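Each chain gets a letter, A, B and so on, in the order its sequence line appears, and its residues count up from 1. Just so you know, these numbers come straight off a predicted model, no measurement behind them.
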Amino acid sequence: MSASLPTPPEIDRSDQADQSEIPSRVVARNEDADFWRRMLLALLAVSLSFVVAAVPILLSGKNPLLAYWALIRGAFGSVDSIAFALNKSTPYILAGVGVALCFRARVINIGGEGQIAVGGIAASWIALNAPGLPGSVLIPLALLGGGCAGAAWAAIAAGMRLVRGVHEVLGTLLLNFVGLLLVSEVLHGPMGEVGAGFPQSPLFPEQAWLPTLLPGTDLHAGILLALLAVVLCHLVFWHTPFGFRLRLLGSSDAAAAYAGVSVVRSLLSVMLIAGGLAGLAGAVEVLGVHYRLIQGFSGGFGFNAVAIALLASLNPIAVLPAGLFFGFLETGALAMQREIGVPSSLVFVIQGLAMIFVLCALGISLRRQRI
Amino acid sequence: MNYAVIIELLSASIRIATPLLLVALGGVISETGGTFAVGVEGMMLGGAFGGAVTVLVTQNILVGLLASMISGVLLAAIVAVATVRFRTDHMVTGLAVNILALGMTSFLLRGLFGGKTPVMVLPTIGTVRIPWLCNLPVAGPILFNEPLMTYLAFFLVIPVHLFLRRTRAGLTLRAVGENPSAAFSVGANPERIRAVAVMVCGAFAGLGGAVLSLQELGTFTDGMTNGRGFLALAAIIVGRWTPFRVMWGCLLIGAASALALNIQGWGLPMSSYVIQMTPYLIALAVLCGIGRKARMPAAIGKAFLRS
């Protein structure tokens, strides 16, 4: 029988090896090119939003060029301002990388605000109620507590989605308001500082403060945590089966279903991760910046995180530059308001515009792929 | 709890439900056509701002109401262009417009008045007592002793209902939300219809914002809508995308808010912040209660591809 089989033709093994390598190299190069193309689009979107945001500046009777110059000087002008901006970026990066993972898996989690708020509450409670613990125990404990609280808060929305079919957009959005009111509630109740003019908790014991990195500045160790989170999420997303399942869910429902990806499990885990990171962001903010829980400490952070994730075109590693950009933008805007009286809410204008432009640019690229 | 308190509570529920109802009616139109209306929070804020600033300058409430609708439509136009022309994600686009509206209103509030927030004490839309009817025993003080825009909002439920159920245009709009390809095959233009629906939604939401700034409070403050747009979205789901049921959803949330406002004066051992959470918690609880029974328009959130 074997004799009847035609002898296989000579195969040039080196050629085959070459052929099998070419596609993978092409794919890698395409992914690379796609990454840089997306980054370029994001950069263009940001530039365009600065151009458009010049209109309201003109309407307020100020010179946009002078305003932007004041903004740049305010952001990069001194070591202090850079330290301030890095501190500002830290919670944005932490929460933003979680949002990026969620969006990749098509879970629209916009509950960062509430998750950050409850994370801050939990970390503050631990910091205030564990006297005598050394910093090396207390700080990790408080950070962990914040992360768990944030994850639990996100789990509520995830549970409502999975069990009762309540869309996570509405679930997370409505829980944001509850979370923010919860901060006010504890500050006017059990955790408030007696006799303070502002709703805030007493100052934490010094061993609960996050260590500063640069002596003489306010730069705290939180930025290292943010860096770690970004690298970990990058590795998980691109180099683990779990990350592969998320990518599959994001690209095609049919493919994900065929490969047996559990939507329930993915949704729950990605919400827990994002909630945990947001809770950690809240903990870092109270332990590193304020050394106490104050009302409204999380103002706008959750929506910042969404803007950052979009600007990073949902790529975990790109959340780092996007988050830094918003941190420096906000620092600069505060200086701009002080110096030439252009309101710092310009940040939100630029943020909203940049989001819209990035979305439109990605929409175009989506269509090109289809044709 | 005596008679007068109950009357006051019910009357307040209707008053508080008014801006929600206007926003929710707009949202029903947008979502029936297949576009998620997450941006209504921003359109509402834009309308509240446009109305308040115009009245501050012109002292004319009618012009203010018109300006609020224009502001809402302008923000809605961004959503329309992005979702229809560029096929962006509806949820995230809506969120972006919310952030943009928050930034724009806050910026212009200071920027237009020389860097400082102006003191805004605006003339408000007054209460109109309907002759004869307001003297009815129970219904009179509850239903017929309300501000002008409240009558308008509740009246608008009828034309919106008739439009969606009884007109050709309404049928086409529903077809576009259920199956845009089928609507396209019989000569409708799903893209244009969706864009128009979103802009009509913007006009409604802007008017809802004006009710807040020109009828309820008589002033404008940063982010004053404070999630009311999202509560309106919850009411839409509770009302399963039909105007009359959505109206009941708005009244339910209005009643929760009115109770929350009133309860603070009763000296109960409850903190005011827990009480302030009730509208959001009730909305969440009702959404959970409805569960999967809510059937949304089949093609909502999906881009229409001509192929």
Side-chain angles (χ1 to χ4, degrees), chain A residues 53 56-57 59-62 103 108 110 156-157 160 163-167 169-171 173-178 181-189 300 303-304 306-307 310 337 341-364 366-367 370, chain B residues 36 38 41-42 78-79 81-83 85-89 91-115 222 226-227 230-231 233-234 237 271-274 276-277 279-281 283-284 287-294 296 303 305 307:
Chain A
I57 299 179
L59 276 179
S60 72
K62 297 279 179 2
F103 279 23
I108 317 273
I110 35 191
I156 300 175
M160 287 195 301
V163 180
R164 300 302 304 168
V166 179
H167 198 290
V169 166
L170 220 45
L173 270 176
L174 292 173
L175 280 173
N176 280 347
F177 293 96
V178 180
L181 284 166
L182 214 53
V183 174
S184 305
E185 167 61 23
V186 297
L187 288 180
H188 285 86
F303 293 139
N304 267 334
V306 175
L310 281 182
Q337 174 168 321
V342 173
S344 67
S345 32
L346 189 71
V347 172
F348 290 115
V349 177
I350 290 172
Q351 211 169 53
L353 288 171
M355 281 172 81
I356 292 164
F357 292 143
V358 166
L359 282 166
C360 288
L362 294 181
I364 291 174
L366 195 76
R367 195 163 31 174
R370 283 212 175 125
Chain B
F36 277 117
V38 179
E41 173 84 8
I78 298 175
V79 177
V81 170
T83 56
R85 174 78 179 77
F86 294 99
R87 293 172 193 155
T88 58
D89 183 274
M91 304 281 187
V92 188
T93 310
L95 192 68
V97 166
N98 292 344
I99 295 173
L100 179 64
L102 182 66
M104 269 303 195
T105 53
S106 167
F107 183 91
L108 290 178
L109 181 65
R110 290 160 184 78
L112 290 180
F113 302 95
D222 286 341
N226 201 19
F230 302 135
L231 288 174
L233 289 184
I237 297 172
S271 112
S272 68
Y273 297 98
V274 174
Q276 281 176 41
M277 289 176 200
Y280 306 107
L281 291 176
L284 282 170
L287 287 177
C288 286
I290 286 177
R292 296 182 196 282
K293 273 181 282 180
M296 51 176 76
L305 294 167
S307 52

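In terms of heavy-atom pairs under 4.5 Å with chain A, the best-connected choice from B/Leu95, B/Leu233, B/Val274 is B/Leu95. Counting heavy-atom pairs closer than 4.5 Å to chain A, the top-ranked of the candidates B/Gly103, B/Ala82, B/Ala101, B/Pro279 is B/Gly103. Counting heavy-atom pairs closer than 4.5 Å to chain A, the top residue among B/Gly42, B/Ala283, B/Ala96 is B/Ala96.
Side-chain contact check for B/Thr93 and B/Thr88: at least one donor-acceptor pair (N or O, by modelled atom type) lies under 3.5 Å.
Ring-plane geometry between A/Phe177 and B/Phe230 is classed as tilted, the angle between the planes lying from 30 to 60 degrees on a 0 to 90 degree scale.
Of the atoms belonging to A/Ile57, heavy atoms from both backbone and side chain fall under 4.5 Å from chain B. Looking at A/Val178, both its backbone and its side chain come within 4.5 Å of chain B, counting heavy atoms on both sides. A/Val163 touches chain B through its backbone: at least one of N, CA, C or O sits under 4.5 Å from a heavy atom, while the side chain does not. There is no contact between B/Asn98 and chain A, counting heavy-atom distances below 4.5 Å. In this structure, chain B has heavy atoms under 4.5 Å from both the backbone and the side chain of A/Leu353. Heavy atoms closer than 4.5 Å to chain B are found nowhere in A/Phe357, neither backbone nor side chain. Both the backbone and the side chain of A/Ile356 have a heavy atom closer than 4.5 Å to some heavy atom of chain B. Residue B/Met91 touches chain A through its side chain alone, counting heavy-atom pairs closer than 4.5 Å. Both the backbone and the side chain of A/Leu346 come within contact range of chain B, with heavy atoms under 4.5 Å apart.
The shortest distance between side-chain heavy atoms of B/Leu100 and A/Met355 does not fall below 4.5 Å. Side-chain atoms of A/Val169 and B/Phe36, non-hydrogen and from C-beta on, never get closer than 4.5 Å to each other.
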For residues 106-114 of chain B, run the donor-acceptor check on the side chains, cut-off 3.5 Å, and write out each pair with its distance to 0.1 Å, sequence neighbours left out.
unit_1	atom_1	unit_2	atom_2	d
B/Ser106	OG	A/Ser345	OG	3.0
B/Ser106	OG	B/Arg110	NH1	3.2
B/Arg110	NH1	B/Ser106	O	2.8
B/Arg110	NH1	B/Asp222	OD1	3.4
B/Arg110	NH1	B/Asp222	OD2	3.3
B/Arg110	NH2	B/Asp222	OD2	2.7

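Here the closest heavy-atom approach between residue A/Phe303 and residue A/Ile110 is recorded as CE2-O, 4.3 Å.
Residue A/Leu170 is tested with B/Leu284, B/Leu231, B/Ile237 for a side chain to side chain contact (heavy atoms under 4.5 Å, CB included); the sole match is B/Ile237.
Under the rule for a side-chain hydrogen bond (donor to acceptor under 3.5 Å, both in side chains), the partners of A/Ser344 that lie at least two apart in sequence or sit in another chain are A/Gln337.
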